[in-house]
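What follows is a single structure, written as structure tokens, with notes after it.
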Number of protein chains: 2
Amino acid sequence: MNIYDVSKKAGVSIATVSRVLNGNANVSDKTKNKVLVAMKELDYTPNIFARGLGLNTMKTIGIMCSDSSDTYLANAVYYLEQELRRHNYDSILCCTGQDSETKKKYLDLLISKRVDGIILAGSQFVLNQPGSDNRYILNAAKEVPIVLANGFLPGKNIYSVMCNDTAAVYDATSRLIAAGRRQIVYLYTSTSYSGMNKLKGYKNALSDAGIPLREEWTHLCTKNIQRAKDYLNTLYDKGISFDAVVTSDDSLAVGAVKYAYEHRIAIPEQLQIIGYNNSVLANCTEPELTSIDSKVEQLSVKAVNILMQVLSGHDVPAENIIAADIIKRNTTNF
Amino acid sequence: MNIYDVSKKAGVSIATVSRVLNGNANVSDKTKNKVLVAMKELDYTPNIFARGLGLNTMKTIGIMCSDSSDTYLANAVYYLEQELRRHNYDSILCCTGQDSETKKKYLDLLISKRVDGIILAGSQFVLNQPGSDNRYILNAAKEVPIVLANGFLPGKNIYSVMCNDTAAVYDATSRLIAAGRRQIVYLYTSTSYSGMNKLKGYKNALSDAGIPLREEWTHLCTKNIQRAKDYLNTLYDKGISFDAVVTSDDSLAVGAVKYAYEHRIAIPEQLQIIGYNNSVLANCTEPELTSIDSKVEQLSVKAVNILMQVLSGHDVPAENIIAADIIKRNTTNF
DNA sequence: TTGTAAGCGTTATCAC
DNA sequence: GTGATAACGCTTACAA
């Protein structure tokens, strides 16, 4: 069942069938109809491989993420896929885990599959430590455009969409300070670009308010409820007091709520808590979490739109910022 | 950069290059090396489209799910992708939403993309209502093997992997009864095959214990914390008392915890609660949720393995059952 | 407006 | 063990 069968049935050449297939204008309505009827009768489906061979594109975008079961990334993947499909692109999903060799391997794999572009979802792909090597991304960008959804890397054919994390955390922290809090703990899960920006927001807020930073107040913590609780317990045991907790992820904030529950500390009276990502978790605790909404949907849609623009040859800014919101619930009283 | 360039550089024919590429035994080590060197020097990558055209396969599996941002499905998608990649298959992700026309459309789309098989993740694809039409799946199965991950539909070239939901809910409910509870509410989110099986487990447990079923005790509810809480509040307002809640999804159980909190009802003393899926949500509440672990990972791995077996021509049972576990936390006291 | 024919880069089937 | 060469099913100049 191929284009020849259709052409025979319709009594035209394969070129004409191809034209109909591709919506080429230079076909009379009459022949077009003949062809369409023939297609329907034969239940014809164009062979995607042959088409790919000629056009060297499959209308497919590679989505890479470290772990699609993570709440934030799961949402990102969902919105990315939806938006891509709206533009008639398929999505090949690729979950890499954290290992940097694997990330490189899968990026190469996607390119060898001739995807039209790649979206790196999440901040885990750009290495931020001094001396770390992001050449694997730069190299990949020589082949296809790359969009970082919630990440940043300067480079040719690389486009970044990020949330203004620094401003968001700065704002959240400042509100706590305005509400009279002076001993604010900041728990974070990642030293990625996004992670460091959030941390910067916290530090700036403290410093602008003239509050000296205490080392134990900031802590790099596995993304895990129990770990966050454990660390706060350590502070408790050491007698280091605090009256607010800001976190880079809702799960850590849930840990803070649990910590308070264990020690019968009143929220928000004695302890205010702010999470990040405004995920389902924020609705699960009692009281419910105030959380920074990092606008995954908006960010994902933007990422796709930028890629679409690039693919259709338009010029696009390499850096794109989305504004975060703070969603007020009951772990704060501002 | 193609097979001809390599063959020229290596001083052999394209057939030989192709043999090396495909690990064909009939090549001397010497020529094989020449070819490999040439490939490396030219940084050659085989064209996937041309290969697909010849072989009519892309080593790609379509994963369909209604909503990959749902916690359960996000996990399923994650494990499916991992396991498929372990078998050197790519995954095309397809989120369909709930609309049944869209499901059909995307299923056809995947087939027109010439995927080698399709995994339908979640119980939302097989329609269970009387008179509903699952022909779209049966038709698709004429083209490629279809595996239902957590679903069931008898049919040629269709394979089902499911959790023994009935037994799991029966067991959970029975334990509550054994612990002295007599007024057990069951909240559920779906009337899918899996959803009805869970409900059956609840009903059987009651009936086996000689407890007459009260209509208000069972309620079909949107998968949403607030909705669950609202319904329990309705019961409260009507004066319909209950001493335990079993749910088909952790989110509903979180709603029950919140309900208890609002009315200062002690958990588990006055109200015992059991969730389903053993998701992160179970760790967020205070007390933490006892939850039925539906073994997504095991189920996903099994689904992929079955598909791999089918693709390599083996005979596989069409029905496959995974046993659920109950994870005891602090919303129950058995 | 339509048709012919030359690619596209593999795999597979023959010969040798 | 190796090399020609014919598919595979489409797109796209170029001709008519």
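Every chain is numbered from 1 and lettered A, B, ... according to where its sequence line falls, protein lines coming before strand lines.
Remark: E101(B) does not engage K105(B) in a salt bridge, criterion side-chain N to carboxylate O under 4.0 Å.
Y159(A) places none of its side-chain heavy atoms less than 4.5 Å from the side chain of E319(A). In this structure, the side chains of L93(B) and C95(B) come closer than 4.5 Å at one or more pairs of heavy atoms.
Residue pairs meeting the side-chain hydrogen bond (donor to acceptor under 3.5 Å, both in side chains) criterion with at least one partner in residues 12-21 of chain A, sequence neighbours excluded, are S13(A)-T16(A), S18(A)-N22(A).
Not counting sequence neighbours, Y106(A) has no partner by the ring pair (Phe, Tyr, Trp, His ring centres under 6.0 Å) test. Here E143(A) pairs with I111(A) under the side-chain contact (heavy atoms from CB on, under 4.5 Å) rule; sequence neighbours left out. Every residue meeting the salt bridge (charged side-chain N to carboxylate O under 4.0 Å, His left out) condition with K104(B), not counting sequence neighbours, appears here in chain and number order: D108(B). Scanning for side-chain contact (heavy atoms from CB on, under 4.5 Å) contacts around S69(B) gives N75(A), Y78(A), D67(B), with sequence neighbours left out. For K295(B), the salt bridge (charged side-chain N to carboxylate O under 4.0 Å, His left out) partners are D325(B), not counting sequence neighbours. Contacts of N33(B) classified as side-chain hydrogen bond (donor to acceptor under 3.5 Å, both in side chains), with partners at least two apart in sequence or in another chain: none.
Against DNA chain C, the stretch residues 31-39 of chain A makes heavy-atom approaches under 4.0 Å through T31(A).
For the pair L53(B) and D29(B), nearest-nucleotide mapping onto DNA chain D gives the more 5' position to D29(B). Nucleotides of DNA chain C nearest to R114(A) and S28(A) differ in position, and the one nearer the 5' end is that of S28(A).
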Donor-acceptor contacts under 3.5 Å from residues 114-128 of chain B side chains, at least two apart:
| from | atom 1 | to | atom 2 | distance (Å) |
| --- | --- | --- | --- | --- |
| D116(B) | OD1 | T57(B) | OG1 | 2.5 |
| D116(B) | OD2 | T57(B) | OG1 | 3.1 |
| D116(B) | OD2 | K59(B) | N | 2.9 |
| D116(B) | OD2 | T60(B) | N | 2.8 |
| S123(B) | OG | S192(B) | OG | 2.9 |
| N128(B) | ND2 | T191(B) | O | 3.4 |

Going through the distances and angles, do N305(B) and K302(B) end up as a side chain to side chain donor-acceptor pair (under 3.5 Å)? CA-CA 5 Å; N305(B) 287 335; K302(B) 183 93 185 173; over 6 Å; no

With the sugar-phosphate defined as primed atoms, P, OP1 and OP2, and the base as all remaining atoms, what B/S/- string results for nucleotides 10-16 of chain D, 5' to 3', for protein heavy atoms under 4.0 Å? BBBB---

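OP1 or OP2 of dG3(D) sits under 4.0 Å from a side-chain N or O of T16(B).
Bounding nucleotides for the chain A contact on DNA chain C, 5' to 3', at a heavy-atom distance below 4.0 Å, are dT1(C) to dG9(C).
In summary, of the residues considered (I63(A), I61(A), L80(A), V147(A)), a side chain to side chain contact (heavy atoms under 4.5 Å, CB included) with V304(A) occurs for L80(A) alone.
Between its opening and closing five pairs, the helix from dT1(C)-dA16(D) to dC16(C)-dG1(D) changes axis direction by 30°, a value rounded to 10 degrees.
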